[in-house]
Amino acid sequence: MPVEGRAGRHGPALAAYVKVTLAVALFGLVAGRAEAAGGDRTLDLLTTETGSVVVQFNCPMSYISNYPLRSGDELRIELQPLPGCAPLTPLGETLPVPNGNPAGLVDLRLDQSLGARRALTLHFERRVDWLIRPRPGLTGIEIQLARRVGRATVEPANPPPTPSRAPTRALPAQEELDKMLADARAAMQDRDYDAAIRLYTRLLEYPEHPGRPQAQEYLGLARERKGELAQAKLEYQEYLRRYPDGTDAEAVKQRLAAIVTLEGATKRTRGSPDSSRWQVSGALAQEYRHDNNTLTSAGVTTDGVGQSALDTNADLSLARRGDVYDFKSRVYVGYLHDMQNLGGPTTSPVLLPQAFVELDSNQSHWVSRLGRQSQTTGGVYGTFDGAYFGWMVKPGLRLGIAAGSPLETYEASIGHQRVFGNLSAEFLGVLPGLDFSAFLFQEDYSGTLDARQVGFETRYYQSGHSLVGQVDYDINYHVLNSATVMTSWALPARWNFTGIADHRRNPFIGTENALIGQQTTSLSDLIQSLGIDAVRALAQDRSGITDTLTLGVQHPVGERLQWGADLSYGHVGGTPASGGVAAVPSSGSAISVSTQLLGGGWLMDGDMNTVGLSYTTRAGTHVEATYASLRYPIGASFRIGPRLQLSHTSGNDPNTGTSSGWSASPSLLADWRVRKAVVQFEAGYERATYDASLAPGVPIDPNNPNNQTLLNQSTRRLWASLGYIVTF
């Protein structure tokens with residue numbers, strides 16, 4: 001779904017915006033072929049809506065834990081990259097966050113964490129409650145939001161005045177109230193405004209309770225989105241009358257002012273253009289990255305520039321709320337300018353992660369989308385060029401169909417060899433808090449059947465408990481692609497348990513895999529040369545198996561500290577030699593134990609601190625690591641964050657490239673907020689000393705194959721980045 005922005009009048013500027021948006025999209029689509037899109041980036045896409053933030057990744061990432069557990073204005077999510085993710089880099093990643101987005105998100109950032117983990121940090125403009133919901137395909141994570149409610153924060157000091165609608169029902173148990181609030185938020189997310197209005201109205205028929213302010217506000221929002229502006233105005237006025245000092249009073253005032261402005265405008269006939277209903281939002285971001293590397297080996301020192309590049313991204317969204325149909329569009333375009341002159345072909349690609357238009361019927365509950373888009377559920381994981389149509393057949397049943405071509409890169413071109421079709425059915429509320437979906441997916445590569453998959457996904461969220469499961473099976477090859485179970489379970493005495501068990505093929509099975517390691521890039525030529533049966537056998541040989549298991553616990557220690565610990569097991573299988581392609585040895589099994597302390601407000605209001613230790617053993621090697629990340633606000637607009645990572649490795653494993661040695665990496669991150677802009681600076685230094693190890697059978701000295709003496713090497717790396725993000 002596209003990012004919505006702040007409503008307002010744009011007049012003639014709207015036409016200019018549409019022209020610019022289309023020009024950017026067309027420029028991207030007609031540009032020549034580029035290098036690999038995204039490069040070593042992990043962050044893919046951000047989507048914000050009322051009550052929801054979805055972050056998508058370019059590779060599978062498993063959820064480990066989050067801090068704080070339930071609420072705050074800043075959220076830190078620990079993630080573990082799975083096979084297929086780019087190698088870890090010290091520089092952090094960000095995505096543009098449009099100003100005034102309905103989720104109240106200010107910024108987000110992905111950084112290094114303990115060991116090979118990443119930390120996703122999100123900062124909100126106000127205190128919110130959250131529920132973390134990993135997507136079944138592990139390529140995305142959803143943060144379900146609810147604005148902070150409760151007697152201590154939303155009720156005025158004096159007893160509230162007599163409501164315009166007197167209580168007509170006895171107050172039920174808190175569990176029932178929580179369930180009704182969750183069901184109502186789900187109805188809002190699914191655009192089932194009739195169901196949301198019915199649920200919120202019932203919540204307002206009870207005597208005062210902690211969820212009543214939110215029900216009052218969202219009843220107005222549901223009526224507004226349905227087009228019932230007069231009723232929405234009355235509900236907003238009722239909220240301000242009862243809760244003048246409420247947490248969301250300012251947001252309600254803004255919505256009420258927008259409705260009053262609309263009512264005061266010149267009346268137009270139904271279906272005619274109404275510029276006051278248009279919403280325009282977006283962000284522009286630029287970041288310059290530079291790093292220098294020094295390698296000393298056998299007394300010889302070499303220096304080089306790892307990267308010197310300017311990364312530019314523009315995210316433009318346009319939406320119109322109608323009486324019957326809602327229109328949305330989004331164009332997200334990027335350009336990576338490589339400033340190194342290596343004398344070869346250009347490596348500065350134009351990237352186009354998103355470019356689509358969407359039409360949503362708010363009466364019949366269907367949505368259609370055309371263009372470059374992405375999904376994280378329903379059997380389609382990632383970005384594709386094509387079309388999607390979803391239809392809420394009846395309450396609790398949604399059907400979806402998608403067709404197009406999946407993207408291997410974000411290059412701005414439309415020529416593709418792979419095409420797919422996908423059918424999905426989603427059953428909502430099978431049991432309280434339980435959703436279930438099933439899908440059928442088929443893909444062809446250059447006219448040859450590549451994959452035919454069936455699968456299902458289950459999602460259970462209820463009262464602090466969550467359970468997500470996913471299975472993907474290829475009925476063409478009769479092979480299990482993936483099976484995943486994730487859970488987060490609230491236990492008594494404020495303990496929380498998290499776990500993930502994942503079994504998957506990397507990559508997923510497909511006939512196209514047979515091209516891995518071959519001289520030819522034509523699947524049809526390979527089939528003509530070897531025959532389809534031999535090609536299918538090669539495809540299976542190139543797909544390895546990865547198993548992951550992580551179990552963790554978290555527990556608050558006082559009011560400003562949270563302790564967590566987890567135990568992880570991982571096994572990355574190898575692939576056999578066949579078809580002239582050498583075998584890839586298994587990296588063996590790894591066991592890791594880690595513990596972390598996370599807290600805030602230790603030295604001053606608004607600070608956030610993380611300290612962690614880990615121990616990993618694999619194939620005779622042992623790695624001890626420690627990590628510390630601190631963040632301190634200086635005034636209202638400036639933040640500074642020193643960080644330090646230390647690690648020590650004993651033993652050498654040429655299968656994984658692990659070598660004995662140590663490394664130390666201090667760094668500093670700072671950001672400065674100026675109205676609708678954020679300026680970010682990052683700098684760091686890394687020093688490492690290790691023993692060089694090569695693959696099995698490759699001697700250290702080619703002129704003396706019997707000499708297996710390891711070479712002592714040392715590296716130094718200095719990196720820095722400077723960037724800004726402007727939102728509107």
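Everything numeric in this text was worked out from a predicted model, so none of it was measured.
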Next item on the list: Start with the C-alpha distance between E78 and S113, add both sets of side-chain angles, then the distance that settles side-chain hydrogen bond (donor to acceptor under 3.5 Å, both in side chains), and finish with yes or no.
Entry: CA-CA 8 Å; E78 291 285 323; S113 186; 2.8 Å; yes

Check: Stepwise, does the ring-ring contact (aromatic ring centres under 6.0 Å, His included) test hold for H555 with W563?
Finding: CA-CA 5 Å; H555 187 261; W563 171 80; 7.9 Å; no

Next item on the list: Go through D547 and H503 one step at a time and tell me if the side-chain hydrogen bond (donor to acceptor under 3.5 Å, both in side chains) criterion holds.
Entry: CA-CA 5 Å; D547 293 303; H503 170 89; 2.5 Å; yes

Indicate the atoms forming the closest heavy-atom contact of [X] with [Y], along with that distance.
X: Q375; Y: Y388; answer: OE1-CD1, 3.2 Å
X: L526; Y: V535; answer: O-CG2, 3.7 Å
X: R536; Y: N476; answer: NH2-O, 3.0 Å
X: I509; Y: A539; answer: CD1-O, 3.8 Å
X: T521; Y: Y445; answer: O-OH, 4.2 Å

How about [X] and [Y]: does a side-chain donor come under 3.5 Å of a side-chain acceptor?
X: R452; Y: Q442; answer: yes
X: E176; Y: Q174; answer: no
X: Q470; Y: S482; answer: yes

Flag side-chain contact, heavy atom, 4.5 Å: [X] against [Y]:
X: R118; Y: T42; answer: yes
X: T458; Y: L467; answer: no
X: R76; Y: T610; answer: yes
X: L397; Y: M392; answer: no

Note to self: Checking D541 against S578 for the side-chain hydrogen bond (donor to acceptor under 3.5 Å, both in side chains) test, could you report, in this order, the C-alpha distance in whole Å, the side-chain angles of both residues, the deciding distance, and whether it holds?
What the structure shows: CA-CA 7 Å; D541 288 345; S578 61; 2.8 Å; yes

Checklist line | side chain to side chain donor-acceptor pair (under 3.5 Å) partners for R494, two or more places apart | finding: none

Note to self: Taking side chain to side chain donor-acceptor pair (under 3.5 Å) as the definition, give me every residue that meets it alongside D183, ordered by chain and number, with sequence neighbours left out.
What the structure shows: K179

Item checked: Any donor-acceptor pair under 3.5 Å from W130 side chain to G72 backbone -> no

Checklist line | Matching residue for L108 among L75, L120, T121 - test: side-chain contact (heavy atoms from CB on, under 4.5 Å) | finding: L120

Item checked: Result of checking D566, T616, T550 against S594 for side-chain hydrogen bond (donor to acceptor under 3.5 Å, both in side chains) -> D566

Notebook entry, point to check: Is the ring centre of F384 less than 6.0 Å from the ring centre of F420?
Noted result: yes

Check: Under the side-chain hydrogen bond (donor to acceptor under 3.5 Å, both in side chains) criterion, do S52 and E142 qualify, and how do the steps go?
Finding: CA-CA 7 Å; S52 175; E142 179 181 6; 3.2 Å; yes

What donor-acceptor contacts under 3.5 angstrom involve side-chain atoms of residues 511-518, with partners at least two apart or in another chain?
| residue | atom | partner | partner atom | Å |
| --- | --- | --- | --- | --- |
| T511 | OG1 | L449 | O | 2.9 |
| T511 | OG1 | Y477 | OH | 2.8 |
| N513 | ND2 | F508 | O | 3.0 |
| Q518 | NE2 | G579 | O | 3.0 |

